[in-house]
Amino acid sequence: MADNTYDAIVIGSGISGGWAAKELTEKGLKTLMLERGRNIEHVKDYVNAMKEAWDYPHRGTRTQEMIKEYPVLKRDYPLNETNLDYWVKDSECPYTEIKRFDWFRGYHVGGRSLMWGRQSYRLSDLDFEANAKEGIAIDWPIRYNEIAPWYSYVEKFAGISGSKEGLPQLPDGEFLPPMDMTCVEKDVAARLKEYYKGKRTMIIGRTANLTQAIPGRTQCQFRNKCWLGCPFGGYFSTQSSTLPVAMATKNLTVRPWSIVTKILYNKDKKKATGVEVLDAETNKTYTFNAKIIFLNASSLNSAWVLMNSATDVWPDGLGSSSGELGHNVMDHHLGVGASGEVEGYEDKYYFGRRANGIYIPRYRNLFGDKRDYLRGFGYQGSGSRENYNRTVAELSIGADFKEALTEPGHWRMGIGGFGETLPYHENKITLDKTKKDKWGLPVLAFDVELKENELKMRKDMQQDAMEMLEATGVKNVKGHDDNPYLGRGIHEMGTARMGKDPKTSVLNKYNQVWDAMNVFVTDGSFMTSAACHNPSLGYMAFTARAADHALSELKKMNL
């Protein structure tokens, strides 16, 4: 458009950014989507989607050179040969760790919607009411009945498979048929329900993988290669789902290699006028103008943009008037659980490579249970047969060894906990202006840690996992609790929380920045508390709701 002026600007192209672009363009707004990284086209650019382990020089594993070049990414599973170019280079985009925080990022069109775990759950009123009831942080400004219709709206479009269970702590949704459990999972689930008299339950995961085809997308092929990009569109991503719809409106312009360095603010009009962009390839600076701005750069990067948008009105950044910008950082803490062997079932196997697992919903501090910590946790896991990666103790080389590995191994059952982290004001990120990234921009400094509440919870997370497996007949059960650091869940939340009062929150109930009401933040930044299950479905729902409100306010000339 002329003069770089649009109706709306969307910063970021991941799960929430894609939804913002879809909703705004469908409502007729000429929209510019800015992505700081490269473009990735659906199907065409999924260069490894059809490869097997033997197609990679190092069989898909990590090399010593990779370990050296990616000192953060090496801390967990993301560092591997199969999709290395989907992850940020630590050397180009460093950050400061006052306390350890494992920050795994993807800077490209689609963001982490290409690599996410796809588990999709609704928050319940138990989650929305917890802060107020327990006197923690601040109260959410909405309740479940306000967001429930929007959960339904996004579930129908995204395609969520799952089973309806009638659990108050895990509301049912608009589901495609659920995936099957393996025979071991079914039996363990039945024993679990019987042993705990229905107070604990194991269900199949609710996942954004299609079990039936929907317009424009084919059902999941059970390849379990989602993190390579799916040419079938079998799982929800920006590329497979929201971007094609937005592009079809002819109202969307996508500009990759565009680092938004600040949101421009007019203090006389008390609203944002546009954004300043640094071209990541040419290092040239551009300005783009719009009536409304949706900030969806991910919880940590969105806070960076707001903090870097400092003015003489707010020296700590746009949205900093409450003193809460960059604070209340949350993630789910994990790396704790148990696993063991399951005897029998040697004549049983399963079809394909299911891109999903089981889920045990939260049961602690609910329905009369009371612990010495607040909130709770759920488990994800699976029951499956060992593959060729298993160790065969008696063999190490030769034909017998090779032949043994052509047969499936023993059955195993494992579960890993996902625990809720409370929103602590002192868990924060700030700008470190003494360190610069590849483009000369200040980096984030992390002062975030687990505290006593979460450390107490982790003891139950391990002990309960062992107890449940042993109670359901699993043998040689071993518990584990490793790397109790935040970031590993890749569920960053809370840096610009929503609330009822501009004195204690950054956003209002419609995700608008109190200090500039034409700026909406709808990624994980807005979360007032974390619950204990995967949050991405909520980002979709709140984004669609905010876009609807934005159009209404535009029509009323309020923005």
For this session: Kindly determine whether N296 and T522 satisfy side-chain hydrogen bond (donor to acceptor under 3.5 Å, both in side chains), including the steps that lead there.
Result: CA-CA 6 Å; N296 301 93; T522 65; 2.5 Å; yes
For this session: Please step through ring pair (Phe, Tyr, Trp, His ring centres under 6.0 Å) for the pair F446 and Y95, ending with a clear verdict.
Result: CA-CA 8 Å; F446 288 75; Y95 61 99; 5.0 Å; yes
For this session: Begin from the C-alpha positions of R255 and D279 and carry the test salt bridge (Lys or Arg N to Asp or Glu O under 4.0 Å) through to its verdict.
Result: CA-CA 10 Å; R255 193 182 197 280; D279 189 295; 3.3 Å; yes
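Counted by atom type alone, Q380 and N534 present one or more donor-acceptor pairs between their side chains at under 3.5 Å. For the residue pair E174 and S152, a side-chain donor N or O sits within less than 3.5 Å of a side-chain acceptor on the partner. In this structure, a donor-acceptor pair under 3.5 Å is absent between the side chains of S299 and D523. A donor-acceptor contact closer than 3.5 angstrom links the side chains of Q119 and N356. In this structure, a donor-acceptor pair under 3.5 Å is present between the side chains of S241 and R217. A donor-acceptor contact under 3.5 angstrom links the side chains of S529 and W140, judged on distance only.
By the 4.0 Å N-to-carboxylate-O rule, K250 lies too far from E26 to be salt-bridged with it. Residues E97 and K99 are not paired through a salt bridge, judged by the lack of any N-O separation under 4.0 Å between the basic side chain and the carboxylate. A salt bridge does not link K30 to D7: none of the charged nitrogens lies less than 4.0 Å from a carboxylate oxygen. Of the charged side-chain nitrogens involved, at least one lies within less than 4.0 Å of a carboxylate oxygen, so that R38 and D85 count as a salt-bridged pair. Of the charged side-chain nitrogens involved, at least one lies within less than 4.0 Å of a carboxylate oxygen, so that E52 and R353 count as a salt-bridged pair. Ion pairing between a basic and an acidic side chain is recognised when a charged N comes within 4.0 Å of a carboxylate O; E81 and R62 show no such pairing. Between E155 and R122 there is a salt bridge, with a side-chain nitrogen of the basic residue lying less than 4.0 Å from a carboxylate oxygen of the acidic one.
Using cut-offs of 30° and 60° on the angle between ring planes, the pair W19 and F236 is parallel. Classified by interplanar angle (parallel below 30°, tilted 30° to 60°, perpendicular above 60°), the ring pair Y510/H549 is parallel. By the 30° and 60° cut-offs, the orientation of the rings of H108 relative to Y86 is tilted.
Of all the heavy atoms in D90 and L73, the pair that sits closest is OD2-N, 3.4 Å. The shortest heavy-atom contact between D437 and V443 is N-CG1, 3.8 Å. Among all heavy-atom pairs drawn from C93 and Y107, the shortest one is SG-CE1, 3.8 Å.
To the nearest 0.5 Å, the span separating CG on N328 from CE on M527 amounts to 12.5 Å. In this structure, CD in E420 is found 6.5 Å from CE in M457, a value given to the nearest 0.5 Å.
Within the 4.5 Å cutoff, the side chain of F542 has no heavy atoms near those of the W150 side chain. The side-chain heavy atoms of M330 and Y424, taken from C-beta on, include no pair separated by under 4.5 Å. Side-chain contact between L243 and H42 is absent, with no heavy-atom pair separated by less than 4.5 Å. Put simply, the side chain of F294 does not reach to within 4.5 Å of the side chain of I9, judged on heavy atoms.
Of the residues listed (T543, T249, L29), the one engaging L24 in a side chain to side chain contact (heavy atoms under 4.5 Å, CB included) is L29, and it is the only one. None of D447, L486, I429 except one satisfies the side chain to side chain contact (heavy atoms under 4.5 Å, CB included) rule with V329; the exception is I429. Paired with V305 under the rule side chain to side chain contact (heavy atoms under 4.5 Å, CB included), one option of I263, T261, L318 passes, and it is I263. The ring pair (Phe, Tyr, Trp, His ring centres under 6.0 Å) test with Y359 is passed by exactly one of Y379, F377, Y121, F418: Y121.
For K27, the NZ atom sits in a packed shell: over 12 heavy atoms of surrounding residues, nucleotides or ligands are nearer than 6.0 Å. In K89, the NZ atom is not crowded: 12 or fewer heavy atoms of neighbouring residues, nucleotides or ligands sit closer than 6.0 Å. Counting heavy-atom neighbours within 6.0 Å of E281 CD, excluding the residue itself, gives a total above 12. With a 6.0 Å radius and a threshold of 12 heavy atoms from other residues, nucleotides or ligands, K433 has its NZ atom at or below the threshold.
The cationic group of K22 lies under 6.0 Å from the six-membered ring centre of F157 and within 45° of the ring axis, placing it in a cation-pi geometry.
Using modelled atom types, one side-chain atom of R59 and one backbone atom of Y56 make a donor-acceptor pair closer than 3.5 Å. In this structure, S161 contributes its side chain and T211 its backbone to no donor-acceptor pair below 3.5 Å.
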